Amino acid sequence: MINELLLQFSEWLYATGGSRAIEESYYLYNWIETTHVLTIMICLGMLAFIDLRMLGYAMPNVPASTIAARLNVPMMIGFAIMFITGLLLFYAKPVYTNQSIWFRIKMVLLVVAFFNAIRFHRHMKASESTWSHEPRAPLNLRISAALSLGLWAGVVTTGRLIAYDWFHCYRDLPAWLGAAAGCVAE
Amino acid sequence: MELLPFFEWAETSFLGYIGKNYGGVYATFGQSVHLMALAVLGGSVLIADLRLLNIILRDVPSEVVADQAHKWFRIALVVILSSGIFMAAAVAQRMYYNDFFWAKMSALLVGIIFVFAVKRPLLKGRHDEINPIVIKLVAVASILVWFSVAATGRWIGFSG
(Lines give C-alpha, C1' and ligand atoms only; values in the text may rest on other atoms or scores of the structure.)
Protein backbone atom coordinates (compact mmCIF):
# COMPACT_ATOMS: atom_id res chain seq x y z
CA MET A 1 0.00 0.00 0.00
CA ILE A 2 2.70 2.45 1.03
CA ASN A 3 4.75 1.56 -2.07
CA GLU A 4 1.73 2.23 -4.32
CA LEU A 5 1.20 5.63 -2.71
CA LEU A 6 4.87 6.54 -2.96
CA LEU A 7 4.93 5.49 -6.61
CA GLN A 8 1.81 7.56 -7.38
CA PHE A 9 3.35 10.56 -5.64
CA SER A 10 6.65 10.05 -7.53
CA GLU A 11 4.83 9.79 -10.86
CA TRP A 12 2.91 12.98 -10.09
CA LEU A 13 6.17 14.76 -9.23
CA TYR A 14 7.80 13.41 -12.40
CA ALA A 15 5.01 14.90 -14.53
CA THR A 16 5.50 18.42 -13.17
CA GLY A 17 7.28 20.98 -15.33
CA GLY A 18 9.98 21.75 -12.76
CA SER A 19 11.01 18.11 -12.46
CA ARG A 20 11.32 17.74 -16.24
CA ALA A 21 13.16 21.05 -16.55
CA ILE A 22 15.84 20.03 -14.01
CA GLU A 23 16.43 16.54 -15.35
CA GLU A 24 16.53 17.66 -18.95
CA SER A 25 18.99 20.48 -18.30
CA TYR A 26 22.53 19.11 -18.51
CA TYR A 27 24.09 22.01 -16.63
CA LEU A 28 21.33 22.59 -14.06
CA TYR A 29 21.09 18.94 -13.00
CA ASN A 30 24.83 18.38 -12.94
CA TRP A 31 25.54 21.57 -11.01
CA ILE A 32 22.87 20.68 -8.43
CA GLU A 33 24.50 17.27 -8.06
CA THR A 34 27.98 18.81 -7.92
CA THR A 35 26.81 21.19 -5.16
CA HIS A 36 25.24 18.26 -3.29
CA VAL A 37 28.50 16.29 -3.47
CA LEU A 38 30.88 19.18 -2.79
CA THR A 39 28.94 20.34 0.26
CA ILE A 40 30.11 17.08 1.82
CA MET A 41 33.29 19.06 2.59
CA ILE A 42 31.41 21.61 4.69
CA CYS A 43 28.81 19.41 6.34
CA LEU A 44 30.62 16.11 6.83
CA GLY A 45 34.04 17.77 7.06
CA MET A 46 32.94 19.71 10.15
CA LEU A 47 31.04 16.73 11.53
CA ALA A 48 34.13 14.51 11.13
CA PHE A 49 36.26 16.97 13.10
CA ILE A 50 33.67 17.24 15.89
CA ASP A 51 33.47 13.43 16.14
CA LEU A 52 37.25 12.99 15.88
CA ARG A 53 37.68 15.56 18.68
CA MET A 54 35.32 13.55 20.89
CA LEU A 55 37.35 10.42 20.14
CA GLY A 56 40.58 12.25 20.99
CA TYR A 57 42.07 12.16 17.48
CA ALA A 58 41.74 15.84 16.47
CA MET A 59 42.62 19.01 18.39
CA PRO A 60 42.84 17.23 21.77
CA ASN A 61 44.23 20.40 23.39
CA VAL A 62 41.19 22.50 22.40
CA PRO A 63 38.08 22.18 24.63
CA ALA A 64 35.63 19.75 23.03
CA SER A 65 32.71 22.08 23.74
CA THR A 66 34.47 24.87 21.81
CA ILE A 67 35.02 22.64 18.77
CA ALA A 68 31.43 21.37 18.84
CA ALA A 69 29.90 24.83 19.28
CA ARG A 70 32.06 26.62 16.69
CA LEU A 71 31.91 23.96 13.97
CA ASN A 72 28.20 23.34 14.46
CA VAL A 73 27.23 26.49 12.54
CA PRO A 74 29.11 25.76 9.28
CA MET A 75 28.07 22.11 9.59
CA MET A 76 24.39 23.10 9.72
CA ILE A 77 24.82 25.54 6.81
CA GLY A 78 26.36 22.68 4.83
CA PHE A 79 23.56 20.35 5.88
CA ALA A 80 20.92 22.87 4.76
CA ILE A 81 22.54 23.12 1.30
CA MET A 82 22.83 19.33 1.06
CA PHE A 83 19.20 18.94 2.12
CA ILE A 84 17.87 21.45 -0.43
CA THR A 85 20.01 20.10 -3.30
CA GLY A 86 19.06 16.56 -2.23
CA LEU A 87 15.36 17.45 -2.47
CA LEU A 88 15.95 18.91 -5.94
CA LEU A 89 17.79 15.77 -7.06
CA PHE A 90 14.88 13.65 -5.85
CA TYR A 91 12.45 16.02 -7.57
CA ALA A 92 14.34 15.62 -10.86
CA LYS A 93 14.25 11.78 -10.79
CA PRO A 94 11.46 10.88 -8.36
CA VAL A 95 10.36 7.51 -9.79
CA TYR A 96 13.87 6.11 -10.21
CA THR A 97 15.02 7.40 -6.82
CA ASN A 98 11.91 6.26 -4.93
CA GLN A 99 12.49 2.73 -6.22
CA SER A 100 16.18 2.66 -5.37
CA ILE A 101 16.93 0.35 -2.45
CA TRP A 102 20.05 2.45 -1.77
CA PHE A 103 18.03 5.65 -1.49
CA ARG A 104 15.69 3.95 0.98
CA ILE A 105 18.57 2.64 3.09
CA LYS A 106 20.12 6.11 2.97
CA MET A 107 16.93 7.67 4.32
CA VAL A 108 16.82 5.15 7.19
CA LEU A 109 20.48 5.85 8.01
CA LEU A 110 19.78 9.61 7.95
CA VAL A 111 16.93 9.19 10.45
CA VAL A 112 19.11 7.06 12.74
CA ALA A 113 21.95 9.62 12.42
CA PHE A 114 19.49 12.38 13.33
CA PHE A 115 18.40 10.63 16.55
CA ASN A 116 22.02 9.79 17.35
CA ALA A 117 22.90 13.49 16.97
CA ILE A 118 20.07 14.50 19.32
CA ARG A 119 21.23 11.96 21.90
CA PHE A 120 24.83 13.14 21.47
CA HIS A 121 23.96 16.83 22.01
CA ARG A 122 21.74 16.07 25.00
CA HIS A 123 24.47 14.07 26.73
CA MET A 124 27.15 16.60 25.80
CA LYS A 125 25.22 19.59 27.14
CA ALA A 126 24.44 17.76 30.37
CA SER A 127 28.03 16.87 31.16
CA GLU A 128 30.47 19.01 29.15
CA SER A 129 31.60 21.15 32.12
CA THR A 130 33.21 18.10 33.70
CA TRP A 131 35.27 16.78 30.76
CA SER A 132 35.45 19.43 28.02
CA HIS A 133 39.19 20.00 28.57
CA GLU A 134 39.99 16.27 28.57
CA PRO A 135 41.56 14.94 25.36
CA ARG A 136 38.75 12.38 25.02
CA ALA A 137 35.03 12.56 25.76
CA PRO A 138 33.36 10.07 28.18
CA LEU A 139 32.63 6.58 26.81
CA ASN A 140 28.94 7.11 25.97
CA LEU A 141 29.79 10.20 23.90
CA ARG A 142 32.66 8.42 22.21
CA ILE A 143 30.24 5.65 21.22
CA SER A 144 27.86 8.27 19.79
CA ALA A 145 30.73 9.92 17.89
CA ALA A 146 31.93 6.60 16.43
CA LEU A 147 28.34 5.70 15.56
CA SER A 148 27.93 9.09 13.88
CA LEU A 149 31.03 8.52 11.71
CA GLY A 150 29.81 5.02 10.80
CA LEU A 151 26.28 6.18 9.99
CA TRP A 152 27.49 9.03 7.79
CA ALA A 153 29.92 6.71 6.02
CA GLY A 154 26.83 4.60 5.30
CA VAL A 155 24.91 7.65 4.09
CA VAL A 156 27.75 8.58 1.72
CA THR A 157 28.09 5.01 0.43
CA THR A 158 24.37 4.41 -0.13
CA GLY A 159 24.07 7.91 -1.64
CA ARG A 160 26.77 7.08 -4.16
CA LEU A 161 25.17 3.71 -4.90
CA ILE A 162 21.84 5.32 -5.91
CA ALA A 163 23.46 5.76 -9.34
CA TYR A 164 23.65 1.97 -9.72
CA ASP A 165 20.53 0.01 -10.72
CA TRP A 166 21.73 -3.45 -9.66
CA PHE A 167 18.58 -3.97 -7.57
CA HIS A 168 16.07 -1.92 -9.50
CA CYS A 169 12.50 -3.05 -10.11
CA TYR A 170 13.11 -4.04 -13.74
CA ARG A 171 15.65 -6.61 -12.48
CA ASP A 172 14.71 -10.09 -11.37
CA LEU A 173 14.49 -9.51 -7.60
CA PRO A 174 13.35 -11.74 -4.72
CA ALA A 175 9.94 -10.62 -3.42
CA TRP A 176 11.27 -9.18 -0.14
CA LEU A 177 13.87 -7.10 -1.97
CA GLY A 178 11.33 -5.88 -4.49
CA ALA A 179 9.03 -4.78 -1.66
CA ALA A 180 11.93 -3.10 0.17
CA ALA A 181 12.90 -1.27 -3.02
CA GLY A 182 9.33 -0.03 -3.50
CA CYS A 183 8.47 -2.16 -6.54
CA VAL A 184 4.78 -2.37 -7.39
CA ALA A 185 3.22 -5.25 -9.36
CA GLU A 186 2.07 -4.11 -12.81
CA MET B 1 56.28 11.93 -23.57
CA GLU B 2 53.59 9.58 -24.79
CA LEU B 3 51.32 8.63 -21.88
CA LEU B 4 48.71 6.51 -23.65
CA PRO B 5 50.67 3.21 -23.27
CA PHE B 6 50.80 3.81 -19.51
CA PHE B 7 47.02 4.29 -19.36
CA GLU B 8 46.52 1.16 -21.49
CA TRP B 9 48.74 -0.80 -19.14
CA ALA B 10 46.92 0.60 -16.06
CA GLU B 11 43.63 -0.78 -17.33
CA THR B 12 45.11 -4.27 -17.68
CA SER B 13 46.85 -4.13 -14.28
CA PHE B 14 45.51 -5.94 -11.23
CA LEU B 15 43.82 -2.76 -9.91
CA GLY B 16 42.29 -2.08 -13.30
CA TYR B 17 41.04 -5.66 -13.55
CA ILE B 18 39.38 -5.54 -10.09
CA GLY B 19 37.75 -2.17 -10.72
CA LYS B 20 36.51 -3.16 -14.15
CA ASN B 21 35.09 -6.56 -13.23
CA TYR B 22 33.75 -6.01 -9.73
CA GLY B 23 31.29 -3.11 -9.81
CA GLY B 24 30.52 -3.36 -6.10
CA VAL B 25 34.20 -3.08 -5.15
CA TYR B 26 34.66 -0.15 -7.54
CA ALA B 27 31.63 1.71 -6.15
CA THR B 28 32.43 1.15 -2.45
CA PHE B 29 36.22 0.94 -2.08
CA GLY B 30 36.71 3.35 -4.96
CA GLN B 31 33.94 5.92 -5.16
CA SER B 32 32.54 5.88 -1.61
CA VAL B 33 35.94 5.87 0.10
CA HIS B 34 36.99 8.67 -2.28
CA LEU B 35 33.97 10.71 -1.14
CA MET B 36 34.61 10.03 2.55
CA ALA B 37 38.22 11.11 2.13
CA LEU B 38 36.93 14.20 0.29
CA ALA B 39 34.84 15.05 3.35
CA VAL B 40 37.88 14.91 5.64
CA LEU B 41 40.24 16.57 3.15
CA GLY B 42 37.78 19.35 2.35
CA GLY B 43 36.88 19.71 6.01
CA SER B 44 40.52 20.10 7.02
CA VAL B 45 41.12 22.67 4.25
CA LEU B 46 38.00 24.66 5.19
CA ILE B 47 38.62 24.56 8.94
CA ALA B 48 42.18 25.85 8.51
CA ASP B 49 41.32 28.43 5.85
CA LEU B 50 38.14 29.76 7.49
CA ARG B 51 40.15 30.13 10.71
CA LEU B 52 42.85 32.06 8.82
CA LEU B 53 40.07 34.28 7.45
CA ASN B 54 38.81 34.83 11.03
CA ILE B 55 35.41 33.31 10.23
CA ILE B 56 35.38 30.27 12.52
CA LEU B 57 37.18 29.16 15.72
CA ARG B 58 38.34 32.71 16.41
CA ASP B 59 38.93 31.83 20.07
CA VAL B 60 41.40 29.06 19.17
CA PRO B 61 44.97 30.02 18.09
CA SER B 62 45.24 29.73 14.30
CA GLU B 63 48.57 27.89 14.67
CA VAL B 64 46.82 25.07 16.57
CA VAL B 65 43.98 24.86 14.04
CA ALA B 66 46.34 24.89 11.04
CA ASP B 67 48.63 22.21 12.55
CA GLN B 68 45.79 19.85 13.46
CA ALA B 69 43.98 20.39 10.17
CA HIS B 70 47.19 19.65 8.26
CA LYS B 71 47.62 16.36 10.12
CA TRP B 72 44.21 15.18 8.89
CA PHE B 73 44.77 16.71 5.47
CA ARG B 74 47.78 14.42 4.95
CA ILE B 75 45.84 11.33 6.06
CA ALA B 76 42.91 12.22 3.79
CA LEU B 77 45.25 12.96 0.89
CA VAL B 78 46.79 9.48 1.09
CA VAL B 79 43.32 7.87 1.13
CA ILE B 80 41.94 10.06 -1.65
CA LEU B 81 44.99 9.44 -3.88
CA SER B 82 44.84 5.67 -3.27
CA SER B 83 41.13 5.40 -4.02
CA GLY B 84 41.54 7.78 -6.97
CA ILE B 85 44.29 5.66 -8.53
CA PHE B 86 42.12 2.56 -8.07
CA MET B 87 39.15 4.24 -9.78
CA ALA B 88 41.20 5.73 -12.62
CA ALA B 89 42.90 2.39 -13.32
CA ALA B 90 39.56 0.72 -14.07
CA VAL B 91 38.66 3.28 -16.73
CA ALA B 92 42.16 4.48 -17.60
CA GLN B 93 41.76 4.75 -21.37
CA ARG B 94 38.52 6.71 -20.99
CA MET B 95 40.32 9.01 -18.53
CA TYR B 96 43.11 9.60 -21.01
CA TYR B 97 40.64 11.15 -23.45
CA ASN B 98 38.62 13.04 -20.78
CA ASP B 99 39.40 16.78 -20.55
CA PHE B 100 38.05 17.06 -17.01
CA PHE B 101 40.39 14.29 -15.85
CA TRP B 102 43.37 16.32 -17.02
CA ALA B 103 41.87 19.50 -15.55
CA LYS B 104 41.55 17.72 -12.25
CA MET B 105 45.07 16.30 -12.38
CA SER B 106 46.42 19.79 -13.10
CA ALA B 107 44.41 21.32 -10.23
CA LEU B 108 45.48 18.49 -7.92
CA LEU B 109 49.15 19.00 -8.77
CA VAL B 110 48.81 22.74 -8.16
CA GLY B 111 47.00 22.01 -4.87
CA ILE B 112 49.64 19.62 -3.58
CA ILE B 113 52.51 21.93 -4.55
CA PHE B 114 50.65 24.87 -3.01
CA VAL B 115 50.12 23.04 0.30
CA PHE B 116 53.60 21.59 0.73
CA ALA B 117 55.70 24.32 -0.90
CA VAL B 118 53.77 27.47 0.03
CA LYS B 119 51.05 27.14 2.64
CA ARG B 120 52.66 24.75 5.10
CA PRO B 121 56.13 26.37 5.17
CA LEU B 122 54.47 29.78 5.58
CA LEU B 123 52.16 28.72 8.42
CA LYS B 124 54.67 26.63 10.38
CA GLY B 125 55.81 29.55 12.53
CA ARG B 126 53.88 32.19 14.46
CA HIS B 127 51.04 33.61 12.41
CA ASP B 128 51.17 37.06 14.01
CA GLU B 129 54.58 37.56 12.38
CA ILE B 130 53.06 37.17 8.89
CA ASN B 131 51.37 40.02 7.01
CA PRO B 132 47.61 39.45 7.60
CA ILE B 133 46.87 40.15 3.94
CA VAL B 134 49.26 37.36 2.90
CA ILE B 135 47.52 34.95 5.30
CA LYS B 136 44.11 35.83 3.88
CA LEU B 137 45.30 35.53 0.29
CA VAL B 138 46.76 32.10 1.04
CA ALA B 139 43.47 31.00 2.63
CA VAL B 140 41.35 32.19 -0.31
CA ALA B 141 43.75 30.65 -2.84
CA SER B 142 43.67 27.37 -0.93
CA ILE B 143 39.86 27.22 -0.90
CA LEU B 144 39.71 28.04 -4.63
CA VAL B 145 42.33 25.44 -5.58
CA TRP B 146 40.70 22.61 -3.62
CA PHE B 147 37.22 23.61 -4.79
CA SER B 148 38.56 23.34 -8.36
CA VAL B 149 40.03 19.90 -7.64
CA ALA B 150 36.73 18.62 -6.23
CA ALA B 151 34.49 20.25 -8.87
CA THR B 152 36.54 19.10 -11.86
CA GLY B 153 36.66 15.66 -10.24
CA ARG B 154 32.88 15.47 -10.11
CA TRP B 155 32.59 16.64 -13.70
CA ILE B 156 34.77 13.76 -14.93
CA GLY B 157 31.69 11.62 -14.41
CA PHE B 158 29.44 13.97 -16.38
CA SER B 159 31.63 14.13 -19.48
CA GLY B 160 32.04 11.03 -21.57
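Quantities reported herein were computed from a predicted structural model and do not represent experimental measurements. Each chain gets a letter, A, B and so on, in the order its sequence line appears, and its residues count up from 1. Only heavy atoms go into these numbers, but all of them, side chains included; no hydrogens, no water, no symmetry mates.
For the set A:Asn61, A:Leu44, A:Leu52, A:Ile67, the entry with the most heavy-atom pairs within less than 4.5 Å of chain B is A:Leu52. Ranking B:Ala39, B:Gly153, B:Ala151, B:Ala76 against chain A, the residue ahead of the rest is B:Ala39, based on heavy-atom pairs under 4.5 Å.
The number of heavy atoms from other shown groups lying within 6.0 Å of CZ (A:Arg136) does not exceed 12. Heavy-atom neighbours of A:Arg171 CZ from other residues, nucleotides or ligands within 6.0 Å: above the threshold of 12. Applying the 6.0 Å contact sphere to CZ of A:Phe90 captures more than 12 heavy atoms from other residues, nucleotides or ligands. The environment of B:Lys136 atom NZ is dense: over 12 non-hydrogen atoms of other residues, nucleotides or ligands sit within 6.0 angstrom. A 6.0 Å sphere centred on OH of A:Tyr170 holds more than 12 heavy atoms belonging to other residues, nucleotides or ligands. Within a 6.0 Å radius of CH2 in A:Trp12, other residues, nucleotides and ligands contribute 12 heavy atoms or fewer. Crowding of A:Tyr14 atom OH: a count of heavy atoms from other residues, nucleotides or ligands under 6.0 Å not exceeding 12.
Looking at B:Leu57 and A:Leu71, their side chains come closer than 4.5 Å, going by heavy atoms from C-beta outward. You'll find the side chain of A:Thr66 reaches within 4.5 Å of the side chain of B:Val60, heavy atoms only. Contact of the B:Ile47 side chain with the A:Met59 side chain is registered, since non-hydrogen atoms from C-beta on lie closer than 4.5 Å. Looking only at side-chain heavy atoms (C-beta outward), B:Val40 and A:Met41 stay at 4.5 Å or farther from each other. Two residues are said to be in side-chain contact when any heavy atoms from C-beta on lie closer than 4.5 Å; A:Pro74 and B:Leu46 fail this criterion.
Shown here for A:Val156 and B:Ser32, the closest heavy-atom pair between the two residues is CG1-O, 4.0 Å. A:Arg160 and B:Ala27 get closest at one heavy-atom pair: CG-O, 4.3 Å.
In this structure, A:Thr34 OG1 and B:Phe147 CZ are separated by 8.0 Å, a value rounded to the nearest 0.5 Å. Rounded to the nearest 0.5 angstrom, A:Asn30 CG and B:Trp155 CH2 are separated by 4.5 Å. Atom-to-atom distance recorded for B:Phe158:CZ and A:Trp31:CH2 is 9.0 Å, nearest 0.5 angstrom. Considering NE2 of A:His36 and CZ of B:Arg154, their distance stands at 10.5 Å, rounded to 0.5 Å.
Looking at B:Val65, both its backbone and its side chain come within 4.5 Å of chain A, counting heavy atoms on both sides. Contact annotation for A:Tyr29: neither backbone nor side-chain heavy atoms come within less than 4.5 Å of a heavy atom of chain B. Residue B:Asp67 does not touch chain A at all, counting heavy-atom pairs closer than 4.5 Å. Using a 4.5 Å cut-off between heavy atoms, B:Leu35 touches chain A through backbone and side chain atoms alike. Heavy-atom distances place no part of B:Phe29 under 4.5 Å from chain A, backbone and side chain included. For chain B, the nearby parts of A:Ile42 are the backbone and the side chain; heavy atoms of each come within less than 4.5 Å.
In terms of hydrophobic clustering, with Ile, Leu, Val, Met, Phe, Trp and Tyr side chains grouped at heavy-atom distances under 4.5 Å, A:Val37 and A:Tyr27 are assigned to a common cluster. Under the 4.5 Å side-chain contact rule for hydrophobic residues, B:Leu144 and B:Phe116 share a cluster. Under the 4.5 Å side-chain contact rule for hydrophobic residues, B:Tyr17 and B:Leu15 share a cluster. Cluster membership for A:Met107 and A:Leu109, using ILVMFWY side-chain heavy atoms within less than 4.5 angstrom, is shared. B:Phe101 and B:Leu3 fall within the same hydrophobic cluster, defined by Ile, Leu, Val, Met, Phe, Trp and Tyr side-chain heavy atoms under 4.5 Å apart, directly or through other members.
Note on ring orientation: taking the six-membered ring where Trp is involved, the planes of B:Trp72 and A:Phe49 are perpendicular (angle over 60°, cut-offs 30° and 60°).
In this structure, B:Lys71 contributes its side chain and A:Ala58 its backbone to no donor-acceptor pair below 3.5 Å. In terms of modelled atom types and a separation under 3.5 Å, the side chain of A:Tyr164 and the main chain of B:Gly24 share no donor-acceptor contact.
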Derivation and outcome, side chain to side chain contact (heavy atoms under 4.5 Å, CB included), residues B:Met36 and A:Ile40:
CA-CA 8 Å; B:Met36 285 178 229; A:Ile40 208 173; over 6 Å; no
